[in-house]
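Working notes, structure below.
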Amino acid sequence: MREGRGKLDMEALVCIKPGELEYREMDAPIARPGQAIIKIRRIGICGTDLHAFEGTQPYFEYPRILGHELAGDLVDLDRAPGFAPGEAVTVIPYFNCGTCIACRRGMPNCCAVLKVCGVHIDGGMVDYLSVPSASLVHGEGLSYDQLALVEPLAIGAHAIRRAGVQAGEFVLVVGAGPIGLGTMEAARIAGGEVIAMDINVERLRFCRERLGVLHTVTGGASAIEELSHITRGEMPTVVVDATGNLEAINQSFQYMAHGGRYVLVGLQKGEIRFSHPEFHKREGTVMSSRNATRQDFESVMEAMRKKLIDPTVYITHRVGFEAVKAEFAGWLDPARGVIKAMVVKE
């Protein structure tokens, strides 16, 4: 950020339209009542960002500044008791109204008029970002890398909490991307027997070798047989979709045990279809899991401090802010082996 024509200017990376990013200079935010200013230090690249770039993300309009997995230094603040300029923070990037039926019932993550940073409003691919003071989360000694990865891990933690996972039950997580990996970690911490499914064998190898997942299944014709073998014929009592792929979502209904729960974390634009008789005879439960709450953020950060989770193992690609435009499209290529790309701002 620098002085320019009497204003403080900063650089931002804007997604102009699907497939097109552009660096732009714009006015830096100024302190306003109830808002805090953060100097951005890390930006994790999420599937939401990638889907927005390729034009497949629901609830999205262009142009938009991407980025909601954030860590930085607090520069200015108002109405943020306990926080101080200079401390490292992360952000709960789901800005809720506080008054709708969901907010009144303690579910701000699915506020009726929710504004998600980097989706509904401009996000963190900037030098400085203004956020509601109520969204701040203390860094509490965690590194910038760790803080930027709290949000995606919290999404998985929220899904497992929604499912009410009990110790010893089989939890199938379909999709071994960053959100799926975080969901596996949360299921493990809850005591579940984790099964990872993906069509990408390299990602399944990552699950086995880096996360210690015992059971991995390649999606396809033999998946039901393999799942039946692992679960001794009973099938998983919890199935979590973390793909956002319509075919995978529809297919996964048949993986659920009788009396099981199916949690939809991944999001796509089409209509879900399944056999009503097959679902009905199982007395199945299907639920969506949207975003996360402060409780989920806190539980993930506590798990990091206890070394139950090492989020840095997910970072496979690291790039400076000035190189993001050139690198971004390549992160969509499965051959690049991207698990988590981390943007570094010094």
Side-chain angles (χ1 to χ4, degrees), residues 44-57 69 149 152-153 155-156 159-160 170-188 192-231 235-236 238-256 262-270 272 289 309-319 327-342:
I45 301 300
C46 177
T48 298
D49 303 317
L50 297 173
H51 295 156
F53 180 77
E54 66 181 359
T56 59
Q57 177 63 29
E69 299 179 0
L149 291 172
L153 289 167
I155 289 176
I160 294 304
F170 283 102
V171 180
L172 170 64
V173 180
V174 184
I179 299 300
L181 297 176
T183 304
M184 295 174 204
E185 297 269 59
R188 171 182 56 80
E193 292 283 339
V194 179
I195 308 170
M197 180 184 289
D198 205 291
I199 59 174
N200 186 321
V201 295
E202 292 303 316
R203 289 199 165 185
L204 292 178
R205 181 178 291 114
F206 184 95
C207 292
R208 293 190 298 270
E209 296 178 357
R210 303 299 294 274
L211 299 188
V213 175
L214 180 61
H215 307 293
T216 60
V217 175
T218 303
S222 65
I224 291 178
E225 181 180 351
E226 291 184 56
L227 290 171
S228 179
H229 176 73
I230 292 168
T231 61
M235 303 302 280
V238 176
V239 178
V240 182
D241 176 78
T243 68
N245 177 276
L246 183 59
E247 182 178 355
I249 290 170
N250 290 341
Q251 181 77 12
S252 295
F253 277 92
Q254 63 186 311
Y255 302 148
M256 186 175 59
Y262 187 14
V263 186
L264 299 173
V265 178
L267 180 64
Q268 50 75 46
K269 291 183 176 181
I272 297 172
S289 180
I309 301 175
D310 179 6
T312 60
V313 301
Y314 303 153
I315 302 174
T316 54
H317 295 66
R318 187 182 294 272
V319 64
E327 293 288 330
F328 203 97
W331 294 333
L332 288 160
D333 182 1
R336 293 280 300 275
V338 177
I339 299 295
K340 176 61 66 176
M342 183 66 70

*Evaluation steps, side-chain contact (heavy atoms from CB on, under 4.5 Å), between I160 and T183*: CA-CA 7 Å; I160 294 304; T183 304; 3.8 Å; yes
*Rounded to the nearest 0.5 Å, what's the gap from CD1 on I45 to CD on E69? Could you check?*
8.0 Å
*How about L181 and R203: do any of their side-chain heavy atoms sit closer than 4.5 Å?*
no
_For a quick test of reading the model, state the closest non-hydrogen atom pair linking G175 to A242 and the distance between them._
O-CB, 4.0 Å
_Contact check, side chains of M256 and P236, non-hydrogen atoms, under 4.5 Å_ = no
*Any side-chain heavy atom of Y255 sitting closer than 4.5 Å to one from I224?*
yes
*asked:* Tell me whether the count of non-hydrogen atoms from other residues, nucleotides or ligands lying under 6.0 Å of CD1 in I199 goes above 12.
replied: no
*asked:* To the closest 0.5 Å, what do you measure between CD (Q57) and NZ (K269)?
replied: 8.0 Å
*Once you round to the nearest 0.5 Å, how far does CD1 of I272 lie from CD1 of I249?*
5.5 Å
*Parallel, tilted or perpendicular for Y262 and F253, by the 30°/60° rule?*
perpendicular
*Could you state the interatomic distance from CD1 (I195) to CG (L214), rounded to the nearest 0.5 Å?*
9.5 Å
*Under the side-chain contact (heavy atoms from CB on, under 4.5 Å) rule, what do M342 and L149 come out as? Steps first, then yes or no, please.*
CA-CA 9 Å; M342 183 66 70; L149 291 172; 3.9 Å; yes
*asked:* Would you say that L211 contacts V313 through its side chain, given a criterion of any heavy-atom pair below 4.5 Å between the two side chains?
replied: yes
*First locate atom CG of L172, then atom CG of L227, and finally report the distance between them rounded to the nearest 0.5 Å.*
5.5 Å
*Mind listing the closest non-hydrogen atom pair of A196 and M184 along with its distance?*
CB-CE, 3.5 Å
*Run the numbers on W331 and D49 for side-chain contact (heavy atoms from CB on, under 4.5 Å), then give the verdict.*
CA-CA 11 Å; W331 294 333; D49 303 317; over 6 Å; no
*Shortest non-hydrogen contact from P311 to L153?*
CB-CD1, 3.8 Å
*Determine the minimum heavy-atom distance between Q268 and G244, stating which atoms define it.*
CB-O, 3.1 Å
*Shortest non-hydrogen contact from A187 toward V194*: CB-CG2, 3.8 Å
_Shortest non-hydrogen separation from L332 to F53 and the atoms involved_ = CD1-CD2, 3.6 Å
_Strictly distance-based, threshold 3.5 Å: is any side-chain N or O of K340 a donor or acceptor partner for the main-chain N or O of T316?_
no
*Measure the shortest side-chain to side-chain distance between E327 and H317 over non-hydrogen atoms and say whether it is less than 4.5 angstrom.*
no
*Pairing residues for T56 by the side-chain hydrogen bond (donor to acceptor under 3.5 Å, both in side chains) criterion, not counting sequence neighbours*: E54
*Tell me, which pairs form a side-chain hydrogen bond (donor to acceptor under 3.5 Å, both in side chains) where one or both residues lie in residues 204-215, sequence neighbours left out?*
E202-R205, R208-T216
*asked:* To the closest 0.5 Å, what do you measure between CZ (R188) and CD1 (I309)?
replied: 6.5 Å
*Do L50 and V338 have side chains that get closer than 4.5 Å, going by heavy atoms?*
no
*Verify, without hydrogens or angle tests, whether S289 (side chain) and V263 (backbone) share a donor-acceptor contact under 3.5 angstrom.*
no
